[in-house]
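First up is the structure itself, then whatever we jot down about it.
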There are 2 protein chains.
Amino acid sequence: MKVTINDVAKLAGVSMKTVSRVINKEPSVRKKTYDIVMNAVKELNYQPNIAARNLAGTSSFAVGLVYDNPNAYYVIDMQNGVLSRCKEEGYELVIHPCSYSDDNMQEEFVTMIKRSRLAGLVLTPPLSEQQAIIDMLDEIGIQYVRLLSGRAQETENSSNCIFVDDFAASHEITEHLISLGHKKIGFVLGDKEHKSTSERLAGYRQALQDHNVAYNEQLIYEGSYSFESGVLGAQSLLKDNNQNNITAILGGNDEVAAGALFAARLMNIDIPAQLSITGFEDSPFSRQTWPKLTTAHQANNVISEHAARLLFTKTRGSRSQDRDIITTFTPSLVIRQSTGAAADNS
Amino acid sequence: MKVTINDVAKLAGVSMKTVSRVINKEPSVRKKTYDIVMNAVKELNYQPNIAARNLAGTSSFAVGLVYDNPNAYYVIDMQNGVLSRCKEEGYELVIHPCSYSDDNMQEEFVTMIKRSRLAGLVLTPPLSEQQAIIDMLDEIGIQYVRLLSGRAQETENSSNCIFVDDFAASHEITEHLISLGHKKIGFVLGDKEHKSTSERLAGYRQALQDHNVAYNEQLIYEGSYSFESGVLGAQSLLKDNNQNNITAILGGNDEVAAGALFAARLMNIDIPAQLSITGFEDSPFSRQTWPKLTTAHQANNVISEHAARLLFTKTRGSRSQDRDIITTFTPSLVIRQSTGAAADNS
DNA sequence: TAGATGATTGACAGCGTTGTCATTTTAACT
DNA sequence: AGTTAAAATGACAACGCTGTCAATCATCTA
């Protein structure tokens, strides 16, 4: 019933070690031998036993996904992306939700890594931005890939990073608004500890500058990545009967934008006739509002899949190469109904 | 550096088999021996090697969590609950998102189970309600625990089920509305394939009957568990200037309720002055609306943790008993700002 | 107190791979 | 062809634990 490497070896007429070489894509196996073995593998529908591989090998066939993120959609997308790659490579995925603020987080973290003898880790923001964590991992000597907001050229040692160019995304969104005639554009920022927040702010400022629109600090609300913050931010920006004549608001992400949109409705502001609102990420949030949000599409499942790819080239680097890895993702503008021509609020 | 079972055995002055017995909580180990071994375990900070246990044992130290659910919050809660229990028991968690409509879902499913030689499965709705899947699992002979909407007494072979009493929850919510004076209560149902939908409807009907409120089919909208459906459902129920004089709407879940709430706003209906709206589950959705939703609190992470507990008593049943397992959960009413006294719409 | 019974413990052989190192085959030279 | 280096393959011992079954110990019975 259970097919082992020996069965394959017998059928192929080679030693089990050679079969091992084939399934691990090790070099120095003759093409002919390789084919014979692969045929035997297919004929018997052989599936390597993960436990045995883990026990015998130097590192296990499992990678970890580490996150500390309240955004469930984000997490699920990340999981699915990494998982799909893991399946292809025959690896298992160990998910590790954690809380950076938790005291014994580091300890638990290390325990998990050692216990499972993980082959590598995928780190998502904001944990991926924590130098303390990076240092710890370097010390342990485990492979990892970081998901970061930003661009490679500005990051030292970017060879194990996947970037999301929030600067460009924000720039594009802002330009979109400017092209619609908006000049007074508010911004409800996300958590200031997140790199994405500063990147998005920078892209916004650059776009303003590129189009000779004055930057006004009063149009910036320092919030966090939550619906609630979006509500509060919009209320703050639009207070006193919109004294700043704001005609558009960027939400730090879709959730924030949804909150801002909600706040606008409470104030009887028509979207987009009186006010345009945009988000980031194109998460389900952006489609659960009315009108739907103009946003910057960010395929988190694809991004995380590439993070996994990159990780696999590092762990089994010499064995299988993957030349199709995208290391920088630029979210693309998705125009929906929450943006329109600037109202004349003067 | 690496502590093995042999090191513990030496330190404790027993055979490694006895150490194995202790860490597996097998019976027939003398209390004294047990203590000696446990001390050695602690002193050396011994962590059993999962891979070795998986290889040597008859089943692996991993359980699977299977889901086909678009609700990210739900999934994350489920994961975290099961995961927390797994950590305590020293098991790993294999997550298995899948799509029931997918053709090779069954095949993939079986492959996963066999590949990882899973000790057991936790099945979430709606997969847990599929007889075909249950039959398949019985045939394979794997342990599993089903999360179901309903009550034990109505379910045959309920020993491996964890119930969420949606009937009671719906009954309570409906009573809450009735107590506020509502008589014309609309209901935007979730997917009709889900058991929770019929349970919630039944609870609603029972509450109406208990309080001599007439049941009116026209107040029922058959939708699905999505924001969009909530919008459409509310619009449908309130159409023609609310000809049915509806003063309250139950959303099939929080997401639906959020959609209904949004639709009401679009129609310039004041919540809760003119219309009360309720949800189910107390998911983040219910707190991301304005006003926040009255709903039925359902601690999915706790529920899934108990599912895992139940599973563990089944897999290692004879070894460690867990008498604290709750097998039926009844969501409890959480009153927030989306419900109020019935408006006089007549 | 001997013998019987059951509870407790131990010896040892796998589990199905991979790593190491030795051996054989092939290719590339004089 | 003869020699040598490199490439390809194989033999075999781990890896760290659990299952099996035999051996020992404690307790109880007559």
Side-chain angles (χ1 to χ4, degrees), chain A residues 1-37 40-41 44-62 90-92 114-117 119 315-316 318-319, chain B residues 1-37 40-41 44-62 90-92 114-117 119 315-316 318-319:
Chain A
M1 196 65 232
K2 197 170 291 172
V3 183
T4 74
I5 200 170
N6 260 310
D7 302 325
V8 179
K10 248 172 240 161
L11 178 61
V14 298
S15 76
M16 74 184 181
K17 181 64 216 187
T18 296
V19 177
S20 171
R21 289 195 177 94
V22 169
I23 60 174
N24 285 299
K25 299 201 176 105
E26 286 178 37
S28 65
V29 172
R30 204 166 308 170
K31 177 75 169 66
K32 195 175 143 198
T33 317
Y34 180 91
D35 291 339
I36 294 172
V37 172
V41 165
L44 297 174
N45 188 26
Y46 166 67
Q47 301 263 358
N49 178 311
I50 288 203
R53 303 222 287 182
N54 289 347
L55 184 56
T58 40
S59 88
S60 84
F61 282 72
Y91 276 61
E92 294 188 321
K114 296 205 170 157
R115 241 184 96 86
S116 307
R117 286 168 62 244
T315 56
R316 307 257 147 190
S318 53
R319 299 184 179 178
Chain B
M1 196 65 233
K2 197 171 291 171
V3 183
T4 76
I5 200 170
N6 259 310
D7 302 324
V8 179
K10 248 173 240 162
L11 178 61
V14 298
S15 75
M16 79 187 179
K17 181 63 214 186
T18 296
V19 177
S20 170
R21 290 196 176 92
V22 170
I23 60 173
N24 285 300
K25 296 197 179 111
E26 286 177 37
S28 64
V29 172
R30 202 166 309 170
K31 176 77 168 64
K32 195 175 143 199
T33 316
Y34 181 91
D35 291 338
I36 293 172
V37 172
V41 165
L44 298 174
N45 187 28
Y46 167 66
Q47 301 263 355
N49 178 313
I50 288 202
R53 296 174 107 184
N54 288 348
L55 184 56
T58 40
S59 88
S60 83
F61 282 72
Y91 275 61
E92 294 188 323
K114 296 206 169 155
R115 240 183 96 85
S116 307
R117 287 168 60 246
T315 56
R316 307 258 147 190
S318 53
R319 299 185 179 179

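In what follows, every heavy atom counts, from backbone to side chain, and hydrogens, waters and symmetry copies are set aside. Labels below follow one simple rule: chain letters A, B, ... track the order of the sequence lines, proteins then strands, and each chain is numbered from 1.
- The stretch residues 46-58 of chain B comes close to DNA chain D through B:Y46, B:P48, B:N49, B:A52, B:R53, B:A56, B:G57, B:T58, each having a heavy atom under 4.0 Å from the strand.
- The separation between B:I23 atom CD1 and D:dG16 atom C1' is 10 Å, rounded to whole Å.
- Look at B:N24 and you'll find a side-chain N or O under 4.0 angstrom from OP1 or OP2 of D:dT18.
- When atom types are taken as modelled, the side chain of B:R117 and the backbone of B:G57 share a donor-acceptor pair closer than 3.5 angstrom.
- Across the protein-nucleic acid pair, A:K32 atom NZ and C:dA27 atom P stand 11 Å apart, rounded to whole Å.
- For B:S20 and D:dT18, the shortest distance from a side-chain N or O to OP1 or OP2 is below 4.0 Å.
- Looking at every heavy atom in both residues, B:N24 comes nearest to B:F61 through OD1-CZ, 3.8 Å.
- Between the NZ atom of A:K2 and the P atom of C:dT17 there is a distance of 10 Å, rounded to whole Å.
- Looking at heavy atoms from C-beta onward, A:M16 lies out of side-chain contact with A:T4 at the 4.5 angstrom threshold.
- Here the CG-OG distance, from A:L55 to A:S60, works out to 11.5 Å after rounding to the nearest 0.5 Å.
- For A:K31, the salt bridge (charged side-chain N to carboxylate O under 4.0 Å, His left out) partners at least two apart in sequence or on another chain are A:D35.
- The distance from atom CG of B:N6 to atom P of C:dG10 is 12 Å, rounded to the nearest whole Å.
- Taking 4.5 Å as the limit, some side-chain heavy atom of B:L44 sits within range of a side-chain heavy atom of B:L11.
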- Reading 5' to 3' through nucleotides 8-13 of chain D, protein heavy-atom contacts under 4.0 Å coded B for base, S for sugar-phosphate only, - for none: SBBBBB

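- Looking only at distances, no side-chain donor or acceptor of A:R21 sits under 3.5 Å from a matching main-chain atom of A:S28.
- When B:N45, B:V8, B:N49 are each tested for a side-chain contact (heavy atoms from CB on, under 4.5 Å) with B:V3, only one passes: B:V8.
- A straight line from CZ of A:R117 to P of D:dC15 spans 11 Å, rounded to a whole angstrom.
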